[in-house]
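Have a look at the structure below, then the notes.
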Amino acid sequence: MRFPATFAVIRHPDHGVILYDTGYSTHFLKATSKLPERLYRWVTPVSIPEDQTAAAQLRSLGIEPEEVAMIILSHFHADHVGGLVDFPTARFLFLEDAWNAVRNLRGIAALRKGFLPALLPDDFAKRGQIVSTNRPVRLPSVLDPFAHGHDIFGDETLYAVELDGHAFGQMGLALRRPSGAYWFLVADACWTSRCYQERIAPHPVTRILFNNTREYKATLARIADLAERNPEVQIIPAHCEETLNDLSGASASFGS
Ligand SMILES: [Zn+2]
């Protein structure tokens, strides 16, 4: 099966160009050129032409890397943070649990968590910023059963939503479009639209990738409930080719 590794480009009226993840980049190939990191590529072969990187795709939209003010990170797996070093001035936003789970990992221990420290810019700690979870807000009822989130800018446009199970501190992003409709970017909480439409549990082999399979299933069930109750909410998994095709032509850009 082909799994595109997508990222989202968001234009916020006050906060400029924001990315949600970056997908892979050619830095990934360098970071996995030697053992033990090479194992990552053997297990999940990756193809990333230069013109498919987040930076190259943004340039084709007329956006220079320096214009990206912020990159919101769903979690620290290499297929989500692979392009960070291409954005020299962006701030990085993430949940504290996600960072704490990987920040001290190196070598095999990092690899087992899908984390490649070489993919982080040298000044990551300086540009990184933790999403405050001190004051959760009630999410718009259209997102039920997801009840609480964190209003990133305090303007009800972007909500960080905790999606437990896949990786510690995984953060989904619910965004209100100018039309008032909601898009819910769910990262790796499910891999394809079929998973939530048909409530397909992950294959046992994939469980070694999860930090908590029971929580993963609970999160997946909530996404399935949301899809049933409110089909007008566009659910966007990070690796779903079908969703990507459905969205081509929508007024947002997704890299593969
Ligand atoms: Zn992941």
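Atoms within a ligand are numbered from 1 in the order they appear, just like the ligands themselves.
Atoms OD2 of Asp188 and NE2 of His75, as seen from the Zn ion (ligand 1), are separated by an angle of 100°, to the nearest 10°.
Residues Asp225 and Arg199 are paired through a salt bridge, judged by an N-O separation under 4.0 Å between the basic side chain and the carboxylate.
Among the atoms of His80, no N, O or S atom falls under 2.8 Å of the Zn ion (ligand 1).
Figure legend: Arg177 and Tyr182 shown without cation-pi pairing, the cationic atom not lying both under 6.0 angstrom from the six-membered ring centre and within 45 degrees of its axis.
Side-chain polar atoms of His15 and Asp155 form no donor-acceptor pair below 3.5 angstrom.
The nearest N/O/S atom of His77 to the Zn ion (ligand 1) is ND1.
The only option from Thr22, Thr6, Asp188 that meets the side chain to side chain donor-acceptor pair (under 3.5 Å) definition with His80 turns out to be Asp188.
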